[in-house]
Amino acid sequence: MGVVVTARGLVKVYGQGHAAVRVLDGLDLDLQAGELVAVTGRSGSGKSTLLNVIGALDRVDAGRIEVGGVRVDRASERELAPLRRDRIGFVFQSFHLLPELTGLENVLLPTRLNGRRPSGERALELVTQLGLGAAAERLPVVLSGGEQQRLAIARALVNEPQLVLADEPTGNLDAESGRDVLELLRAIADAGRAVLLVTHEDEATRRADRVLRLVDGRLQ
């Protein structure tokens, strides 16, 4: 189905001098459309850093990253903004829903950032598919964790991205809600998107096509 992410020789260093830590140290990764890849590793091993540099939220110190054929490591901030908005969907452990917006308004938010008139059709379709009809008109504060995370996934998908990056998406959920979210991410990959999932849960790794462990800055 085609390569969505190609990363070669990624290096990311935090700190300077004797205090410098190479969180990513020559890391390589390929990610195909239709594939769910789980990344595991101890706390502080650089899993979230990996997602951030692939998702163009942070810069690498060395190496090459292509997402959908775009050189992320060379792109300007002006070039990266539409890449993040249109080609990459982000799902975070803490949901990051805006508390003053309803569920549907949160899902629609990425469409309001692209300069075009927002269409509610795609958002309503996603909300319905995810069983969130009632949640669409409510504020996040009255929703369960599982409902909030499904809204966050709908928001990540509303612009139909090629790549979905999920950082511990079940970390704040109960077991049943976590299973629902993992089933949804599996379905997203099966529909032809590339999904890169950072996790520490066995249930998540069982649903992945590949499981990679981040050790000493490299994937094994």
Before giving the answer on side chain to side chain contact (heavy atoms under 4.5 Å, CB included), spell out for T170 and E201 the whole-Å C-alpha distance, their side-chain angles and the decisive distance to 0.1 Å. CA-CA 9 Å; T170 61; E201 298 186 9; 3.1 Å; yes
Side-chain contact, heavy-atom cut-off 4.5 Å: V91 with V181? no
Side chain to side chain contact (heavy atoms under 4.5 Å, CB included) filter on R206, not counting sequence neighbours, yields D202, E203
In chain order, what residues pass the ring pair (Phe, Tyr, Trp, His ring centres under 6.0 Å) check against H96, with sequence neighbours excluded? F92
Show me the pairs that pass side chain to side chain donor-acceptor pair (under 3.5 Å) and involve residues 33-47, at least two apart or across chains. E35-R210
In the single-linkage hydrophobic clustering (I, L, V, M, F, W, Y; side-chain heavy atoms under 4.5 Å), do I188 and V39 co-cluster? no
Sidechain-backbone polar pair: R71 side chain, E66 backbone, donor-acceptor under 3.5 Å: no
A side-chain contact here means heavy atoms from C-beta on lying under 4.5 Å apart; do R138 and L104 qualify? no
Nearest-0.5 Å distance that lies between atom CG in L57 and atom CZ in F90: 4.0 Å
Hydrophobic clusters join Ile, Leu, Val, Met, Phe, Trp and Tyr when side-chain heavy atoms are under 4.5 Å apart, directly or via other members; which others share one with V211? none
Are L50 and L80 joined in one hydrophobic group, where the rule is that I, L, V, M, F, W and Y side chains link up if heavy atoms are under 4.5 Å apart? yes
Atom pair CZ (F95) and CZ (R155), whose distance is rounded to the nearest 0.5 Å: 10.5 Å
Shortest non-hydrogen separation from T199 to A204 and the atoms involved: OG1-CB, 3.4 Å
Please answer whether the main-chain N or O of V37 pairs with a side-chain N or O of D209 as donor and acceptor at a distance below 3.5 Å. no
Does D61 have more than 12 heavy atoms from other residues, nucleotides or ligands lying within 6.0 Å of its CG? yes
Test item: R186 and E183 side chains (from C-beta on) under 4.5 Å apart, heavy atoms: no
Min side-chain heavy-atom separation Q149-L173 under 4.5 Å: yes
Among all residues two or more places apart in sequence or in another chain, which pass the salt bridge (charged side-chain N to carboxylate O under 4.0 Å, His left out) test with E160? none
Please report the interatomic distance CG(L97) to CD(E100), rounded to the nearest 0.5 Å. 10.5 Å
With sequence neighbours left out, which residue pairs that include part of residues 170-182 fulfil the salt bridge (charged side-chain N to carboxylate O under 4.0 Å, His left out) condition? none
Between V107 and L151, is any pair of side-chain heavy atoms under 4.5 Å apart? yes
Side chain to side chain contact (heavy atoms under 4.5 Å, CB included), that's the test. Do T6 and V67 meet it? Break it down for me. CA-CA 7 Å; T6 302; V67 176; over 6 Å; no
If hydrophobic clusters are built by linking Ile, Leu, Val, Met, Phe, Trp and Tyr wherever their side-chain heavy atoms come under 4.5 Å apart, do L184 and L196 end up in the same one? no
Sequence neighbours excluded, every pair satisfying salt bridge (charged side-chain N to carboxylate O under 4.0 Å, His left out) that has a member inside residues 14-24: R22-D25
Kindly write out the residues that satisfy side chain to side chain contact (heavy atoms under 4.5 Å, CB included) with Q16, not counting sequence neighbours, or none if the list is empty. none
Going from CG on L212 to CG on D28, what distance comes out if it is rounded to the nearest 0.5 angstrom? 11.5 Å
Quick check: closest heavy atoms across L214 and G46, and the distance to 0.1 Å? CD2-C, 3.4 Å
Going only through I, L, V, M, F, W and Y residues with side-chain contacts under 4.5 Å, is there a path from L157 to I54? no
Has R193 got a side-chain atom pairing as donor or acceptor with G34's backbone, closer than 3.5 angstrom? no
Nearest heavy-atom approach of L185 to P169 is CD1-CG, 3.8 Å
The criterion is side chain to side chain contact (heavy atoms under 4.5 Å, CB included); which residues satisfy it with E105, sequence neighbours excluded? L101, T102
A156 to P161 - nearest heavy-atom pair and separation: O-CG, 3.3 Å
Sorted by chain and residue number, the side chain to side chain contact (heavy atoms under 4.5 Å, CB included) partners of D58 (sequence neighbours excluded) come out as K12, Y14, N52, V53
Are a donor atom and an acceptor atom from the side chains of D167 and Q93 found within less than 3.5 Å of each other? no
Report yes if the side chains of L165 and I88 come closer than 4.5 Å at any heavy-atom pair, otherwise no. yes
Taking the side chain from E147 and the backbone from L132, do they hold a donor-acceptor pair closer than 3.5 Å? no
OG1 (T111) and CG (L109) are apart, to the nearest 0.5 Å, by 7.5 Å
Consider only side-chain heavy atoms of I, L, V, M, F, W and Y, link residues closer than 4.5 Å, and tell whether L10 and V4 are in one cluster. yes
Beyond-backbone contact of P99 with L139, side-chain heavy atoms, under 4.5 angstrom: no
Shortest non-hydrogen contact from V127 toward A136: CG1-CB, 3.8 Å
List, by chain and number, the other hydrophobic cluster members for V13, where Ile, Leu, Val, Met, Phe, Trp and Tyr join if side-chain heavy atoms come within less than 4.5 Å, directly or indirectly. V11
How about V3 and L31: do any of their side-chain heavy atoms sit closer than 4.5 Å? no
Please check this pair: side chain of D73 against backbone of R64, looking for a donor-acceptor N/O pair closer than 3.5 Å. no
Show me the pairs that pass side chain to side chain donor-acceptor pair (under 3.5 Å) and involve residues 75-84, at least two apart or across chains. S76-E79, E77-R84
So how far is it from R122 CZ to N159 CG, rounded to the nearest 0.5 Å? 9.5 Å
Looking only at non-hydrogen atoms, find the nearest pair between A154 and L130 and report the distance. CB-CD1, 3.8 Å
